S.K.: 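Have a look at this one before I ask anything.
Residue numbers start from 1 in every chain, and the chains themselves are labelled A, B, ... in the order their sequence lines are given, proteins ahead of strands. No hydrogens, no waters, no symmetry mates; every other heavy atom, side chains included, goes into these values. Nothing here was measured: the structure is a model prediction, and the numbers come from that model.
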Protein chains: 2
Amino acid sequence: MDLDARKLGILKAIIDEYIMSASPVGSRAISKHEEFNLSSATIRNEMADLEELGYLEQPHTSAGRVPSDKAYRLYVDQMMQRAALSDDEIKLIRAHMSARLDEVESVMKQTAQALSAVTNYTAMVMPPMLAANRLRHIQLVPLREGRALVVIVTTTGFARDAIIRVPEDIRTGELERISRLLTERYYDCRMDHIGEMIAKEMSGELYERRAFLCSVMEAVERKMAPDSPNVQLSGTTNMLHYPEYSDVNKAKTFLAAVEGRNMLYEMLKRASKLEFTITIGNENEDEMFKDCSIVTATYQVGDEPLGSFGIIGPTRMNYGKVISVLEYMRRSLSEMLSADQDDD
Amino acid sequence: MDLDARKLGILKAIIDEYIMSASPVGSRAISKHEEFNLSSATIRNEMADLEELGYLEQPHTSAGRVPSDKAYRLYVDQMMQRAALSDDEIKLIRAHMSARLDEVESVMKQTAQALSAVTNYTAMVMPPMLAANRLRHIQLVPLREGRALVVIVTTTGFARDAIIRVPEDIRTGELERISRLLTERYYDCRMDHIGEMIAKEMSGELYERRAFLCSVMEAVERKMAPDSPNVQLSGTTNMLHYPEYSDVNKAKTFLAAVEGRNMLYEMLKRASKLEFTITIGNENEDEMFKDCSIVTATYQVGDEPLGSFGIIGPTRMNYGKVISVLEYMRRSLSEMLSADQDDD
DNA sequence: GGTTAGCACTCAACAAAATAGAGTGCTAAT
DNA sequence: ATTAGCACTCTATTTTGTTGAGTGCTAACC
């Protein structure tokens, strides 16, 4: 007994139906599909086979069938068709993204909002990893005694700042000189290489201040790396619409898992190595997400992946739509970041 | 019939009991309090009176009584005693605040987390309004054609940046000169006065660039103002622990209201004019929060209020504890911001 | 007068029993 | 290979009964 075309068709019909309705699909419902033109009894036999093959599950005898994770995997890999975005959906996304986008953080926020609004699932967006960006400007600003603010600007217009300690023997004037020297020397260098380069620096004024400069770069690097609390979340409560979460406890568990953000951050970081990922139910390592599916995409400038973003929903998720939306967003986000970041 | 001492005592007992148990309080439960030494029948009579006076409500005949918003108001104004923080609670707060606090945003985040962890309600923290801060340094950094990044640092060590448009006729060198001029001229001026001052500027190089400088200051001012998405939220899911929200729909409504943040932001902004505010149930203008109570406090540097933060919980909230916690946080936050913001 | 015991009454909450309906698996006929 | 038919299973829903906490009122009590 193997998966012939008819079984595949029936399986797809069941999955499509279940994604819509969220309740077990019976043989009668499928037998009504005209393209099969089979009686419910025949469908029943096929369903029994599909169950034996591990693609369907029965919540209890006398209930319809529910697709297994294995079935969703097959569906995603082979049978699913992408759902092109409707004009309304594109309009909805545009509406969310139309506000001023002069700051990366707000782009991330709006992206998350747009994603959750179109899909009705939970969206997460990881801010760009700036390691591959290049230095444009570095400025040390003296504050009160023994403290200074370091501001870094990259060629793509991202700025980060951090408060640092300044050794006693550095006078105010020198900070300005160091700023100029650093900017000059490391202009257009990859951010993640500068620290190393300074450590190796062998000559001139910079050499003498090496220890201080290393502490500066350490602070900067800490700020360049996106960290878990910076993951933008939106639509966490969307999940409460779905019958899967009509039980308050399930909802609580989900929301708590998501609120922590750490897991999500780890997942997104891992996912940023691939253009797209789809992880279904049990494929998720994390116990909390065993009955969720997570779809992610990566955004980039040129060939350099900057970060990733994704959707969390029930395994019974509208994969076709979600993937289309992510694809659309991936493109527009990448465009937005590599082209202008206008201020109005 | 008026509120004599005995009625007041009974009312307080009922409120205290209801805050603990969340279920309607019956006459027998109160008659067991030794300090009254009255039979349940007498209590029943008193309860009937209290109901007539509007302090108690009955979910249905044959259920106990539940305090009304009016009762909570009386309780908060006159009968409540503050609950001093236990050592454990202080330890818990410290644990949340001990991580590196080199960035204001992370202080806000941690404050929110600490608040929600100690109180088990939902916490919100509004970032500081920097209007009253004074300028330390301003730097214009050229990016690609026609764009620059402006970075502002205040005496208290806050930094903000924004991308701005630069007119064609300004050469790169001039940006540097303008930076120096601005820093020199407006050093130690209140942030919210600089824009005005520039507009009035009548002489020298700055006069010629007035239009450009105004656009710079406009961008800066936009960034200085905290906005609704920057309100830090924590413990939104805490509410799901309480029986008030065991119904998924109630939970959904609450979470949706809170996720928007706009309302919260508006409330916090209004509240930042007062040291403390307590708003109970119906006193909340917003329909969504008609069965919540909101307690806020303001943090400041010197006499200047910077922003405020607060707790949202069921009207049946442990007011004494919440107020103590907010008082503690208000003090430590104000200290933290006016003293050092160390980087380690 | 205030206080209290006593009692009939109310009502939500829970549990047990009855019913309906959707769906299955199997068998025998086509 | 397909299908009609039927007995069977099991959940979900409705119905009915039961319990217990709590009330309001009255009449007795101090």
Side-chain angles (χ1 to χ4, degrees), chain A residues 1-11 13-15 17-18 20-68 243-244 246-248, chain B residues 1-11 13-15 17-18 20-68 243-244 246-248:
Chain A
M1 172 183 60
D2 59 337
L3 262 192
D4 54 25
R6 196 173 72 175
K7 281 196 175 53
L8 258 159
I10 292 174
L11 182 56
I14 294 174
I15 296 177
E17 177 68 28
Y18 186 70
M20 291 280 304
S21 71
S23 43
V25 181
S27 55
R28 246 179 73 82
I30 300 301
S31 78
K32 283 193 186 122
H33 280 242
E34 295 186 351
E35 70 262 38
F36 298 126
N37 196 27
L38 293 171
S39 78
S40 63
T42 313
I43 303 287
R44 271 203 291 287
N45 290 328
E46 295 288 49
M47 280 167 128
D49 289 354
L50 284 168
E51 181 166 359
E52 204 174 321
L53 287 166
Y55 293 105
L56 293 180
E57 284 160 7
Q58 242 179 329
H60 54 87
T61 11
S62 105
R65 255 61 169 224
V66 166
S68 67
E244 280 88 343
S246 59
D247 172 39
V248 189
Chain B
M1 172 184 61
D2 58 339
L3 262 193
D4 54 26
R6 196 173 74 175
K7 281 196 175 52
L8 259 161
I10 292 174
L11 182 55
I14 294 174
I15 296 177
E17 177 67 28
Y18 186 69
M20 291 280 305
S21 71
S23 43
V25 182
S27 55
R28 245 179 74 81
I30 299 303
S31 78
K32 284 196 186 118
H33 280 242
E34 296 186 349
E35 70 262 36
F36 298 127
N37 196 24
L38 293 170
S39 78
S40 64
T42 313
I43 303 286
R44 271 204 290 287
N45 289 329
E46 294 289 47
M47 278 169 129
D49 289 354
L50 283 168
E51 181 166 359
E52 204 175 321
L53 288 166
Y55 292 105
L56 292 180
E57 285 160 5
Q58 243 180 330
H60 54 87
T61 10
S62 101
R65 253 68 167 218
V66 166
S68 67
E244 280 89 342
S246 60
D247 173 39
V248 190

S.K.: Indicate every side-chain donor-acceptor pair of residues 29-37 of chain B with a distance under 3.5 Å to a residue at least two apart or in another chain.
M.R.:
from: Ser31(B); atom 1: OG; to: Arg28(B); atom 2: O; distance (Å): 2.9

S.K.: When you measure from the side chain of Thr42(B) to the backbone N and O of Leu38(B), does any donor-acceptor pair fall under 3.5 Å?
M.R.: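 Not confirmed, Thr42(B) side chain does not pair with Leu38(B) backbone.
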S.K.: Side chains of Ile14(A) and Val66(A): closer than 4.5 Å at any heavy-atom pair?
M.R.: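 Not touching, per the 4.5 Å side-chain cut-off.
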S.K.: Filter on salt bridge (charged side-chain N to carboxylate O under 4.0 Å, His left out), then keep only pairs touching residues 39-50 of chain B, sequence neighbours left out; what's left?
M.R.: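 Those involving residues 39-50 of chain B are Arg6(B)-Glu46(B), Lys7(B)-Glu46(B), Lys7(B)-Asp49(B).
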S.K.: Return all side-chain donor-acceptor pairs below 3.5 angstrom for residues 52-63 of chain A, not counting sequence neighbours, or 'none' if the list is empty.
M.R.:
from: Gln58(A); atom 1: NE2; to: Ala63(A); atom 2: O; distance (Å): 3.4

S.K.: Would you check if Arg65(B) and Pro24(B) make a side-chain contact, meaning some heavy-atom pair closer than 4.5 Å?
M.R.: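 The answer is no; the side chains never approach within 4.5 Å.
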S.K.: Provide, to the nearest angstrom, the distance between the CD1 atom belonging to Ile10(B) and the C1' atom belonging to dT3(C).
M.R.: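 Spelled out: CD1 on Ile10(B) to C1' on dT3(C) is 12 Å.
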S.K.: Does any residue of residues 32-39 of chain B have a heavy atom under 4.0 Å from DNA chain D, and if so, which ones, in number order?
M.R.: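 Close to the strand, none.
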S.K.: Side chain to side chain donor-acceptor pair (under 3.5 Å) with Glu244(B): which residues, sequence neighbours excluded?
M.R.: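 Only Arg316(B) meet the side chain to side chain donor-acceptor pair (under 3.5 Å) criterion with Glu244(B).
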S.K.: In whole angstrom, give the distance that lies between atom NZ of Lys7(B) and atom P of dG2(C).
M.R.: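 Between P of dG2(C) and NZ of Lys7(B): 10 Å.
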S.K.: Do you know the tightest heavy-atom contact between Tyr18(A) and Ser23(A)?
M.R.: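 Shortest heavy-atom separation between Tyr18(A) and Ser23(A) comes out as CD1-O, 3.4 Å.
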S.K.: Could you check how far CD1 of Ile43(A) sits from C1' of dT2(D), rounded to whole Å?
M.R.: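 After rounding, the gap between these two atoms is 11 Å.
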S.K.: Reading nucleotides 23-30 of chain D from the 5' end, what letters show protein touch, with B for base, S for backbone sugar-phosphate only, - for no heavy atom under 4.0 Å?
M.R.: BB------
